[in-house]
Amino acid sequence: MTYEFKEYPDREMLAMDLANQIAGELRAALSHQERAALAVPGGTSPGPVFDALCAADLDWARVDVMLTDERWVPESSERSNTRLLRERLLTNRASAARLLPLYAEADTPEERLAGLADDIAPALPLAVVLLGMGADMHTASIFPEADKLEEALSNDAPILLPMRAPGAPEPRITLSAHVLDGALKKHIVIYGAEKREVLEKARGLASLEAPINAVLDEAVVHWAE
């Protein structure tokens, strides 16, 4: 497994540089195909990247944007990643992009999984994916102790999987590892000394223990203190 590690003097420089890289990769994809798909995480870490990326000068009307994973909560919830996406990325020039949702109104993800996956399938493979990593080495909602971990890591996994994990107060829905790993360009953002140490620790572990390993090969890891 090999990946590029890019170190930045601060988080602001990381956000600006990464936004420029993603915009360039989307432009390149659109130069030889009709549409390009971008998958991004929720949470607070990618917010500054979104703030810079949303103003990028590219043909956003031909870009499909989706989350890498989502909590199974309505958009009105403060825990909704979709809500963050609308507030921080799908604004400015990027408001012209098409959102492919990972949530639909239902009590459980299983009830709407097939329909959501059917909408995503034509947009694959992803042109660009942006991912984070937790201190437990999870990425997207592929957690080390999740109920469908082995299936999520399998090359035969469906596009989307419902996931339940210890400590997660609601069910999740996530793109499977092979969909994430199949992106033409992969970027992983981590901050701080602890996450850097965790990433190094992951090198000697299997993907069942360190799910981040399923997407690391040929990725670019962006790090700032």
Side-chain angles (χ1 to χ4, degrees), residues 1-69 81-82 84-102 120-133 139-140 159 175 177-192 195-196 199 212 214-225:
M1 184 198 320
T2 59
Y3 58 86
E4 181 182 354
F5 188 89
K6 295 189 70 173
E7 185 173 336
Y8 296 83
D10 56 56
R11 298 185 183 191
E12 183 178 356
M13 286 290 293
L14 185 157
M16 293 296 296
D17 185 71
L18 179 51
N20 286 335
Q21 286 185 58
I22 292 173
E25 289 163 356
L26 289 172
R27 284 191 207 99
L30 291 170
S31 71
H32 59 81
Q33 60 195 54
E34 182 57 33
R35 302 193 64 82
L38 168 66
V40 297
T44 55
S45 295
V49 180
F50 296 165
D51 294 340
L53 182 59
C54 69
D57 186 10
L58 60 95
D59 192 354
W60 282 103
R62 294 165 56 207
V63 177
D64 295 315
V65 175
M66 70 188 81
L67 287 159
T68 57
D69 61 311
N81 288 334
T82 307
L84 172 75
L85 208 58
R86 290 196 189 277
E87 292 173 352
R88 303 287 290 270
L89 178 57
L90 299 176
T91 64
N92 205 318
R93 288 175 171 147
S95 62
R98 179 173 67 177
L99 174 65
L100 298 178
L102 258 63
I120 289 170
L124 300 178
L126 299 169
V128 186
V129 67
L130 176 61
L131 291 159
M133 180 193 70
T139 193
I159 293 170
L175 293 172
H178 76 84
V179 173
L180 298 170
D181 192 49
L184 301 179
K185 299 292 183 179
K186 296 181 289 183
H187 299 279
I188 299 166
V189 173
I190 57 173
Y191 296 128
K195 290 284 185 76
R196 187 168 182 168
L199 185 69
I212 188 65
V215 298
L216 265 177
D217 195 35
E218 298 185 3
V220 182
V221 177
H222 304 261
W223 178 85
E225 186 55 70

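Position 1 is the first residue of the sequence; numbering continues from there.
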Minimum heavy-atom distance between [X] and [Y], given as atom pair plus value:
X	Y	result
Gly132	Pro41	N-CG, 4.3 Å
Ile120	Pro101	CD1-O, 4.4 Å
Ala37	Ala123	CB-O, 3.5 Å
Pro125	Gly182	CB-O, 3.9 Å
Ala97	Leu90	CB-CD2, 4.1 Å

Between Gln21 and Val128, does a side chain to side chain contact (heavy atoms under 4.5 Å, CB included) hold up when you go through it step by step? CA-CA 10 Å; Gln21 286 185 58; Val128 186; over 6 Å; no
Can you list the steps and then say if Val40 with Leu53 is a side chain to side chain contact (heavy atoms under 4.5 Å, CB included)? CA-CA 12 Å; Val40 297; Leu53 182 59; 5.7 Å; no
Atom [atom1] of [X] and atom [atom2] of [Y]: how far apart are they, to the nearest 0.5 Å?
X	Y	atom1	atom2	value
Asp64	Leu100	CG	CG	4.5 Å
Leu67	Leu85	CG	CG	5.0 Å
Met133	Ser45	CE	OG	10.5 Å
Leu58	Arg27	CG	CZ	5.5 Å

Apply the test side chain to side chain contact (heavy atoms under 4.5 Å, CB included) to residues Leu131 and Ile212: give CA-CA distance (whole Å), side-chain angles for both, the deciding distance (0.1 Å), then the verdict. CA-CA 9 Å; Leu131 291 159; Ile212 188 65; 5.6 Å; no
Does a side-chain heavy-atom distance below 4.5 Å link [X] with [Y]?
X	Y	value
Phe5	Leu199	yes
Asn81	Thr68	no
Leu89	Thr91	no
Phe50	Leu130	yes
Leu38	Ile22	yes
Met66	Leu126	yes
Val179	Val129	no

Listing, residues 215-225 side-chain donor-acceptor contacts under 3.5 Å, not counting sequence neighbours, or none:
from   : atom 1 : to     : atom 2 : distance (Å)
Asp217 : OD1    : Thr2   : N      : 2.9
His222 : ND1    : Tyr8   : OH     : 2.8
His222 : NE2    : His187 : ND1    : 2.9
Trp223 : NE1    : Gly192 : O      : 2.8
Glu225 : OE2    : Ala193 : N      : 3.2

Pairs satisfying salt bridge (charged side-chain N to carboxylate O under 4.0 Å, His left out), at least one member in [range], at least two apart:
range	result
residues 8-19	Lys6-Asp17
residues 36-54	Asp51-Arg88
residues 36-50	none

If you apply the rule side chain to side chain contact (heavy atoms under 4.5 Å, CB included), what do you find for Tyr3 with Ile188, and how did you get there? CA-CA 10 Å; Tyr3 58 86; Ile188 299 166; over 6 Å; no
Taking only residues two or more places apart in sequence or in another chain, which ones pass side-chain hydrogen bond (donor to acceptor under 3.5 Å, both in side chains) with Lys186?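 Per chain and number, Lys186 pairs via side-chain hydrogen bond (donor to acceptor under 3.5 Å, both in side chains) with Asp181.
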Can you establish whether the number of heavy atoms outside Lys185 located under 6.0 Å from its atom NZ is more than 12?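 Incorrect, the count does not exceed 12.
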Any residue meeting salt bridge (Lys or Arg N to Asp or Glu O under 4.0 Å) with Arg93, in chain and number order, not counting sequence neighbours: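 In terms of salt bridge (Lys or Arg N to Asp or Glu O under 4.0 Å), with neighbours along the sequence ignored, Arg93 is linked to no residue.
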N/O donor-acceptor pair under 3.5 Å between Arg35 side chain and Ala61 backbone: yes
